[in-house]
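From a predicted model like this one, the values you see are computed outputs, not experimental measurements.
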Amino acid sequence: MAQQQAYEKYYVPDQSPWPIVGAVALFLIAFGAGNFVVEQTKGESGYGGWTLLAGIVTLLVMLVGWFRNQIHESMAGKYSAQLGRSYRQGMAWFIFSEVMFFAAFFGALFYARVIAMPWLDGAGNNAMTAEVLWPNFEAIWPLTKTPGGVETTAMGWMGLPLYNTIILLISSVTCHFAHVALEKQQRGKLIAFLGVTILLGCFFLTLQVEEYVHAYREMNLTLQSGVYGNTFFLLTGFHGMHVTLGTIILIVLFFRVLKGHFTPDNHFAFQAGSWYWHFVDVVWVMLFFFVYIL
């Protein structure tokens, strides 16, 4: 009886193999990715790529198994209000950590443009240093010339970047409408708006791949294109990874909706996915402004 009352206050699941599986997957990904980069740099072939692939597959297996257990526990009514508050706090801290993650990259962009470039241009008392490090340097952003003399072309904000901005802004609206439809128990509208949000996310990723292909093949804009190429691909690339994760989350939610999961009073999983999608939208708007326009 005491054990039953404890479960009513806070559900404690049985021991699970998924944490150790996830740890092994992350080790394989880190080890494989490191070796793969070295192999590609040296032009060699080895086991790095296969190790990286094994890690990704193991991670996917872990995610499917762990979240399947979570869904079964939730649908069985084992979660209490206290556990729900813990989930909300956990998701809020996770998004905060993602904010800090992108803040570091935006900070690097700020440092390069506002501090490092004026120094190289001889600002203040750095004329002698500038002459030694990079003679005839001009602090003009975007910096399309590397110290080695390799020139590239800056990515403008018109065209694909603008289209992707419009797509993500619309997807944020459709995601909100899907959430409202769920709260009003309008399953048809919920499925329609959530489906449109997923399609818009896929369109965004498709256009970003097209943008990268265009940058590499026609603009000579690569990761080797100095500080501008580095910051451009790191910011847009990591954001693309987050959009990919957000799209996967929405797809899982879509299939759960089709199975009749979620009610107006019990749908935090959907709410958490919505939070995350709005977060990646806000990050893209900032990225579009600071990376493409300014």
**OP:** Kindly compute the distance separating CG (Leu160) from CD (Glu210), expressed to the nearest 0.5 Å.
**Re:** 5.0 Å
Original post:
How about Ser171 and Trp277: does a side-chain donor come under 3.5 Å of a side-chain acceptor?
Top reply: yes
**OP:** Could you state whether Met117 and Leu294 fall into the same hydrophobic cluster, counting links through intermediate Ile, Leu, Val, Met, Phe, Trp or Tyr residues with side-chain heavy atoms under 4.5 angstrom apart?
**Re:** yes
Original post:
Once the angle between the rings of Phe290 and Phe106 is folded into 0 to 90°, is it parallel (under 30°), tilted (30 to 60°) or perpendicular (over 60°)?
Top reply: perpendicular
Subject >> Distance-minimising heavy-atom pair for Cys175 and Thr197 >> reply: N-OG1, 3.3 Å
Original post:
Is Trp18 close to Val21 at the side-chain level, that is, under 4.5 Å between some pair of heavy atoms?
Top reply: yes
Original post:
Mind checking whether Phe101 and His242 have parallel, tilted or perpendicular rings, split at 30° and 60°?
Top reply: tilted
**OP:** Using the six-membered ring wherever Trp is involved, compare the ring planes of His267 and Phe270 and label them parallel, tilted or perpendicular (cut-offs 30° and 60°).
**Re:** perpendicular
Subject >> Closest non-hydrogen atom pair between Leu59 and Ala25, with its separation >> reply: N-CB, 3.5 Å
**OP:** Return the minimal non-hydrogen interatomic distance between Tyr228 and Leu143, and the atom names on each side.
**Re:** CB-O, 3.3 Å
**OP:** Examine Val173 and Leu190 and state if one hydrophobic cluster contains both, with Ile, Leu, Val, Met, Phe, Trp and Tyr joined whenever side-chain heavy atoms are less than 4.5 Å apart.
**Re:** no
**OP:** Can you measure from CG (Leu182) to CZ (Phe193) and round to the nearest 0.5 angstrom?
**Re:** 13.0 Å
**OP:** Look at the side-chain heavy atoms of Ile, Leu, Val, Met, Phe, Trp and Tyr, link any pair under 4.5 Å apart, and say whether Phe36 and Leu28 land in one connected group.
**Re:** no
Original post:
If you measure from OG1 on Thr144 to CG on Leu221, what distance do you get to the nearest 0.5 Å?
Top reply: 10.0 Å
**OP:** Determine yes or no for a side-chain-to-main-chain donor-acceptor pair under 3.5 angstrom, with Ser172 supplying the side chain and Leu168 the backbone.
**Re:** no
**OP:** Measure from the side-chain N and O atoms of His72 to the backbone N and O of Asn69, and report whether any donor-acceptor pair falls under 3.5 Å.
**Re:** no
**OP:** Would you check if there is a donor-acceptor pair between the side chains of His278 and Ser274 at a distance under 3.5 Å?
**Re:** yes
Original post:
Around Met100, counting heavy atoms of other residues, nucleotides and ligands shown, do more than 12 lie under 6.0 Å from its CE?
Top reply: yes
Original post:
Any side-chain heavy-atom pair from Trp157 and Phe289 closer than 4.5 angstrom?
Top reply: no
**OP:** Determine whether Phe255 and Leu258 make a side-chain contact, defined as any pair of heavy atoms from C-beta on separated by less than 4.5 Å.
**Re:** yes
Original post:
Hey, are the side chains of Thr231 and Phe105 touching, using non-hydrogen atoms and a 4.5 Å cut-off?
Top reply: no
Original post:
Less than 6.0 Å separating the ring centroids of Phe204 and His239?
Top reply: yes
Original post:
Do you know which of Trp93, Phe268, Tyr87 makes ring pair (Phe, Tyr, Trp, His ring centres under 6.0 Å) with Trp275?
Top reply: Phe268
Subject >> Shared hydrophobic cluster for Ile170 and Leu250 (ILVMFWY, side-chain gaps under 4.5 Å) >> reply: yes
Original post:
Phe203, Ile166: one ILVMFWY side-chain cluster at the under-4.5 Å cut-off?
Top reply: yes
Original post:
So do Tyr276 and Met91 actually touch side chain to side chain, heavy atoms under 4.5 Å?
Top reply: yes
Original post:
Do Val257 and Arg187 touch side chain to side chain, with heavy atoms closer than 4.5 Å?
Top reply: yes
Subject >> Distance-minimising heavy-atom pair for Ile249 and Gly273 >> reply: CG2-CA, 3.9 Å
Original post:
Do Leu200 and Thr174 pass the side chain to side chain contact (heavy atoms under 4.5 Å, CB included) test, and can you show the C-alpha distance, the side-chain angles, and the key distance before you say yes or no?
Top reply: CA-CA 9 Å; Leu200 290 173; Thr174 57; 4.1 Å; yes
**OP:** Tell me, with the steps shown, if Val285 and Asp281 meet side chain to side chain contact (heavy atoms under 4.5 Å, CB included).
**Re:** CA-CA 6 Å; Val285 172; Asp281 290 349; 5.8 Å; no
**OP:** For Thr152 and Met219, indicate whether the former's side chain and the latter's backbone hold a donor-acceptor pair under 3.5 Å.
**Re:** yes
Subject >> Contact summary for Val99 and Phe279, nearest pair of heavy atoms >> reply: CG2-CE1, 3.6 Å
**OP:** Check whether more than 12 heavy atoms from other residues, nucleotides or ligands sit under 6.0 Å from atom CE of Met75, and answer yes or no.
**Re:** yes
**OP:** Please answer whether the main-chain N or O of Thr236 pairs with a side-chain N or O of Gln208 as donor and acceptor at a distance below 3.5 Å.
**Re:** yes
**OP:** Measure centre to centre between the rings of Phe233 and Tyr216, then say whether the value is under 6.0 Å.
**Re:** yes
**OP:** Decide if atom CH2 of Trp141 counts as having more than 12 heavy atoms of other residues, nucleotides or ligands within a radius under 6.0 Å.
**Re:** yes
Subject >> Pairwise side-chain contact, Thr51 with Asn35, heavy-atom cut-off 4.5 Å (strictly under) >> reply: no
Subject >> Point-to-point distance, once rounded to the nearest 0.5 Å, from CG of Leu253 to CD1 of Ile198 >> reply: 8.0 Å
Original post:
Checking Thr222 side chain against Gly229 main chain: does a donor-acceptor pair fall under 3.5 Å?
Top reply: no
Original post:
Just how far is it from atom CG of Leu53 to atom OH of Tyr47, taken to the nearest 0.5 Å?
Top reply: 16.0 Å
**OP:** Looking only at non-hydrogen atoms, find the nearest pair between Ala181 and Lys189 and report the distance.
**Re:** CB-CB, 3.8 Å
**OP:** Kindly say whether Leu162 contributes a backbone atom to a donor-acceptor pair with the side chain of Tyr292 at under 3.5 angstrom?
**Re:** no
**OP:** Give, for atom CG of Asn266 and atom CD of Gln271, the distance between the pair rounded to the nearest 0.5 Å.
**Re:** 11.0 Å
Subject >> Side chain Thr206, main chain Cys202, donor-acceptor under 3.5 Å >> reply: yes
